[in-house]
Amino acid sequence: MTEPRVVKPKAFEVVVTEVIQETPDSATLVFGTEEPVEYRAGQFLTIDPHQFKALASHTAYLEDLKGKKELVRAYSVCSAPGEPLAITIKEEPYVRKHSLHAPLLSPFLTYGIHPGMRMKVVGLTGPYTLPPDLAQRAQHVLHVVAGSGVVPNFSMLKDALKHHPAVRHTVVDSNKTWQDIIFGEALAKLQASFPDRLKLVHFLTRQPDVSALPGDVRPGRISREALLSLVPDVAATIAYVCGPAITSYERRAALQKGVSAEPRFLETTIGHLQALGFPNERIKRESFG
Ligand SMILES: Cc1cc2nc3c(=O)[nH]c(=O)nc-3n(C[C@H](O)[C@H](O)[C@H](O)COP(=O)(O)OP(=O)(O)OC[C@H]3O[C@@H](n4cnc5c(N)ncnc54)[C@H](O)[C@@H]3O)c2cc1C
């Protein structure tokens, strides 16, 4: 396969054709576009909050508080090329202890969008994609994701299962509870369709009892030992890690206090993979922080 040409992100309008509630606090928006959109699985588009009248006061208030313009937010595609363009948003909650300000765009995109609504987006872009010559580089892709981090990996997984028949996948997905798993049913269906090529393992950190849940569901956080047992073939594997990471705000706050920022999912997972012998260039990462 040849290297796809680099397409400059461009602004275009989409119309929401479907809103799918994935979990209590996440939703998929399926878009119709005037022209087909070229992109690679795993890429993202951006959405400017200023375009939404419903958010105008909130946006202006935050800009006054922060003393700067609110930036666009990035959302990965959950669709694979060839499917209708779609993104999945998980509401970022306001947690008094951790949040300096109430989150702006994600609550609106999760709960306030209806079919027929139009919005402007810019994209698609981003290097968190599979190489076109994946099968020459690896026999196995390890996806380690948490929460909405599953979104770009779901896109890549669908694409790779279709276009790279020689490559196996292991998806290790961390969530709080069973009901928080985004694309849970779709992932289980993919596993049933590709039993020899897809292994699916869920880790649940706050599920009281995992024993009655279907499939490979384990309690607690993703451990180094678990990853070791799931990846006996490190040299043949590329890892794609996506989920919460230390935010720039947390890094700055820690710096001011003269301490290091507390590692989050992304930093912890990368540490595990490095300890297992993954070289840096075989750990692809996307930070949602
Ligand atoms: C490449 C990429 C892909 C992504 N893909 C997805 C995806 O597929 N799905 C998804 O749900 N999300 C995704 N995200 C995250 C998404 O872009 C947003 O960050 C998320 O939706 C939160 O946006 P928000 O406007 O709701 O919250 P924000 O208003 O951005 O607030 C988020 C948090 O930051 C804090 N904060 C904001 N501004 C400041 C400040 N000035 N000082 C201190 N703290 C501050 C807030 O208190 C809050 O806790 C992605 C991010 C990236 C970078």
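Note that the numbering runs from 1 along the sequence shown for the chain. Whatever order the structure lists ligands and atoms in, that order sets their numbers, starting from 1.
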* Asked: Within a strict 4.5 Å, meaning less than it, do heavy atoms of the Tyr94 and Pro103 side chains meet?
  -> yes
* Polar proximity ligand 1 side, Lys68 side, N/O cut 3.5 Å exclusive -> no
* **Thr28/Glu22 under side-chain hydrogen bond (donor to acceptor under 3.5 Å, both in side chains): CA gap, chis, key distance, verdict** => CA-CA 7 Å; Thr28 291; Glu22 300 286 355; 2.5 Å; yes
* Applying a strict 4.0 Å limit to heavy atoms, is Cys78 in contact with ligand 1? -> no
* Considering the heavy atoms of Leu100, write down every atom of ligand 1 situated less than 4.0 Å from one of them. => 42 (N), 43 (C), 44 (N), 47 (O)
* Asked: If hydrogens are left out, which of Arg73, Glu92, His101, Glu250 has an atom nearest to atom 28 (P) of ligand 1, that is, the closest non-hydrogen atom?
  -> Arg73
* Asked: For the side chain of Lys284 and the backbone of Glu281, is there at least one donor-acceptor N/O pair under 3.5 Å apart?
  -> yes
* Kindly confirm or rule out an N or O of Thr88 lying under 3.5 angstrom from an N or O of ligand 1. => yes
* Evaluate the side-chain hydrogen bond (donor to acceptor under 3.5 Å, both in side chains) criterion for residues Gln207 and His202: first the C-alpha distance (whole Å), next the side-chain angles of each, then the deciding distance (0.1 Å), finally the verdict. => CA-CA 11 Å; Gln207 183 78 24; His202 290 291; over 6 Å; no
* Quick check: does any side chain N or O of Arg197 sit under 3.5 Å from a backbone N or O of His169, one acting as donor and the other as acceptor? -> no
* Structure fact -> A student checking ligand 1 against Glu286 at a 4.0 Å heavy-atom cut-off should list atoms 1 (C)
* Structure fact -> In ligand 1, the atoms that come under 4.0 Å of a heavy atom of Leu105 are 24 (P), 25 (O), 26 (O)
* **Of the listed options Phe108, Tyr249, Phe44, closest to atom 44 (N) of ligand 1 (non-hydrogen atoms)** => Tyr249
* Take His140 and Thr170 through the side-chain hydrogen bond (donor to acceptor under 3.5 Å, both in side chains) test and state the conclusion after the steps. => CA-CA 8 Å; His140 181 204; Thr170 301; 2.7 Å; yes
* Asked: To which of Ala74, Ser106, Ala245, Pro127 does the heavy atom nearest atom 15 (C) of ligand 1 belong?
  -> Ala74
* Asked: Taking only heavy atoms of Ser99, which atoms of ligand 1 are found under 4.0 Å from at least one of them?
  -> 47 (O), 49 (O)
* To do: For ligand 1, indicate whether the residue Val151 contacts it via side chain, backbone, both or neither (heavy-atom separation under 4.0 Å).
  => side chain
* What distance separates Phe183 CZ from Asn153 CG, expressed to the nearest 0.5 Å? -> 10.5 Å
* Asp48 and Thr46 side chains, donor-acceptor separation under 3.5 Å -> no
* Mark the output for Ile87 as yes if a heavy-atom distance to ligand 1 is under 4.0 Å, and as no if none is. => no
* Structure fact -> Taking only non-hydrogen atoms of Pro107 and a 4.0 Å limit, the atoms of ligand 1 in range are 26 (O)
* **Contact partition for Val95 relative to ligand 1, non-hydrogen atoms under 4.0 Å** => neither
* Will you find, in the side chains of Ser79 and Tyr39, an N or O donor that is under 3.5 Å from an N or O acceptor? -> yes
* Return yes when Ser287 approaches ligand 1 closer than 4.0 angstrom through a heavy atom, no otherwise. => yes
* Any nitrogen or oxygen of Pro103, main chain or side chain, under 3.5 Å from a nitrogen or oxygen of ligand 1? -> no
* **Ile238 and Leu134, any side-chain heavy atoms less than 4.5 Å apart** => yes
